[in-house]
Amino acid sequence: MGELRGTHVPVLLERCLEMLAPALGRPGRTVHVDATLGLAGHAEAVLSAHPDTVLIGLDRDTEALAHARVRLARFADRIHLEHAVYDELPEVLDRLGYPAIDGVLFDLGVSSLQLDAPDRGFAYAQDAPLDMRMDQTRGVTAEEVVNTYSHPDLARLLRVYGEEKFAGKIASAIIRERERNRITSSARLAELVRDAIPAPARRTGGHPAKRTFQALRIEVNRELAALETALPAALDKLTVGGRMVVLSYHSLEDRLTKQALADRVRSKGPVDLPVELPGSGPTFRLLSRGAELPGEAEVAANPRAASVRLRAAERLDPEAARQGRTDRERYRRRVKAMHQPGTGSPGSGKDPRSAPGDANGTDEEGEGT
């Protein structure tokens, strides 16, 4: 396995533990999935905090799994470390015999191990072969992508996955270069990207190649396609009271997370019905309003946390959710009746009291609000 390469500081560690604690700290055995195990910083903290919790750790990077196995050796009797991508979670759970889980964490993006290993080709600031595969046992490399994709395909992936406004110019520069010589190194690609971007644009926004490298990494590893499948699958496996926490590092990941949660936290029934129709109520509640951002102290201690966005949700008891909506509707009707002519209500102003869930709705507000 060799020595550990790079440093690893788990992002928003205390906040993640706080969010997961009500689900994992329940009496009896609980099951937690770390869908992006990496170097196991979050996993180690969860296992230490919850002695009755079984961990299922997934990672596509075999080097990361080897380091995680050493780090978690003292918990060997209650861990399962699996070489798998997070969209394979249902198959992993079936194979291990776990029909449901109590907690799940997604810490998305590239890991410290991958960024700090120069031979992996993830970093635009270091010269390395253009690989970028998180799982080096399978899949196409970034070298294959830049040397075989057509101009329209290259421009599309740079524009969509990298949100690169100079995608067409960069794709043209890549095509011209590879007609002369095959592009094989990260340094050469970074140079091509820098030269393709107009000089005024290069002076702001960090390294000019960062968006191109992000786009290639997402394409090589099918990150967004896997995430789009994995999020609803993980939500489906959570028990009542179970919780999911997602750490995203760019807008594409965060958008998919927001969409997956939005589908579960809103009622699908008619808004004017006094009771919730069976199967139409929200099945989850958000644990914070919107995405949580890191504090200044977090970013100072770990600069890689600067772009993180945290979203979390808890699975609801369907019957309790239905009763909650019925109670809220009864409250609204009482307040409305108080303000009808002839009821003796004082004017037509709003009742100063605030019912839980009124106005903005508890289904879309979190415990951190």
Side-chain angles (χ1 to χ4, degrees), residues 8-58 68 71-72 74-81 86 89 93 98-108 230-231 234-248 257-258 260-261 264-265 282-295 297-298 301-302 305 308-317 320-321 324 356 362-369:
H8 176 57
V9 180
V11 173
L12 292 178
L13 177 59
E14 295 304 320
R15 187 59 173 144
C16 290
L17 290 175
E18 181 184 1
M19 288 286 198
L20 292 168
L24 301 182
R26 295 181 286 188
R29 187 188 71 174
T30 55
V31 180
H32 174 61
V33 171
D34 192 319
T36 49
L37 184 64
L39 295 176
H42 289 102
E44 181 181 37
V46 165
L47 289 166
S48 297
H50 301 286
D52 295 323
T53 294
V54 172
L55 171 83
I56 300 170
L58 312 183
R71 183 172 193 165
L72 303 178
R74 67 185 187 280
F75 307 109
D77 60 335
R78 52 192 181 100
I79 64 172
H80 304 277
L81 305 188
Y86 35 69
L89 175 60
L93 293 177
Y98 292 99
I101 60 177
D102 300 283
V104 59
L105 171 69
F106 288 83
D107 184 9
L108 302 171
L231 290 173
L235 291 169
D236 288 342
K237 290 294 184 179
L238 284 170
T239 59
V240 171
R243 293 183 166 203
M244 180 170 82
V245 177
V246 182
L247 302 177
S248 304
T257 304
K258 181 179 179 180
L261 295 179
R264 309 295 181 108
V265 301
T283 54
F284 281 81
R285 73 178 183 101
L286 301 181
L287 299 178
S288 63
R289 180 180 290 176
E292 288 193 14
L293 308 181
E298 175 84 18
N302 184 11
V308 73
R309 302 290 183 271
L310 181 149
R311 294 184 188 270
E314 177 185 61
R315 190 177 194 107
L316 297 172
D317 180 339
T362 54
D363 296 332
E364 296 190 38
E365 293 185 7
E367 61 189 31
T369 305

field: Polar side-chain atom of H42 near backbone of L12 as donor-acceptor pair, under 3.5 Å
entry: no

task: Write down the atom of A40, the atom of A68, and the distance for their closest heavy-atom approach.
output: CB-CB, 3.8 Å

message: If I take atom CZ from residue R78 and atom CG from residue D52, how far apart are they, to the nearest 0.5 angstrom?
response: 7.5 Å

- request: Could you tell me whether the side chain of P294 reaches within less than 4.5 Å of the side chain of N302, counting heavy atoms only?
  value: no

query: R74 versus L47: any side-chain heavy-atom pair under 4.5 Å?
result: no

task: Over all heavy atoms of both residues, which pair between F106 and T36 is shortest? Give the atoms and the distance, please.
output: C-OG1, 3.7 Å

- prompt: D34 versus L58: any side-chain heavy-atom pair under 4.5 Å?
  reply: no

Heavy-atom side-chain contact between L235 and F284 under 4.5 Å: yes

- request: Looking only at non-hydrogen atoms, find the nearest pair between T30 and A23 and report the distance.
  value: CG2-O, 3.7 Å

field: With sequence neighbours excluded, residues passing side-chain contact (heavy atoms from CB on, under 4.5 Å) with A45
entry: L13, L17

query: Going from CG on L37 to CD1 on I79, what distance comes out if it is rounded to the nearest 0.5 angstrom?
result: 8.5 Å

- prompt: Which heavy atom in T257 sits nearest to a heavy atom in S248, and how many Å separate them?
  reply: OG1-OG, 3.7 Å

field: Nearest atoms (heavy-atom pairs only) where A291 meets R309
entry: CB-CB, 4.0 Å

- prompt: Of all residues at least two apart in sequence or in a different chain, which pass the side chain to side chain donor-acceptor pair (under 3.5 Å) check with E298?
  reply: none

- prompt: Does the R243 side chain pair with the main chain of M19, one donor and one acceptor, at a distance under 3.5 Å?
  reply: yes

message: For D102 and T239, which I'm curious about, is there any donor-acceptor pair between the side chains at under 3.5 Å?
response: yes

message: Return the CG to NE2 distance between L20 and H50, rounded to the nearest 0.5 Å.
response: 7.0 Å

- prompt: Roughly how far apart are L231 CG and K258 NZ, rounded to 0.5 Å?
  reply: 14.5 Å

field: Donor-acceptor under 3.5 Å (R264 side chain, L261 main chain)
entry: no

- prompt: Does C16 reach the side chain of V46, with side-chain heavy atoms less than 4.5 Å apart?
  reply: no

task: Verify whether one side chain among R15 and S288 offers a donor that lies under 3.5 Å from an acceptor in the other.
output: no

- prompt: Considering only heavy atoms from C-beta outward, does the side chain of V33 approach that of Y98 to under 4.5 Å?
  reply: no

message: Quick check for you: to the nearest 0.5 Å, what is the distance between L81 atom CG and F75 atom CZ?
response: 12.0 Å

- request: Without swapping roles, check the side chain of R71 against the backbone of A43 for a donor-acceptor pair under 3.5 Å.
  value: no

- prompt: Roughly how far, to the nearest 0.5 Å, is the OG1 atom of T283 from the CZ atom of R315?
  reply: 5.5 Å

task: Might you point out which heavy atoms bring M244 and A234 nearest each other, and give the distance in Å?
output: SD-CB, 4.2 Å

- request: Output yes when a side-chain donor or acceptor of H80 lies under 3.5 Å from a complementary backbone atom of I56, and no otherwise.
  value: no

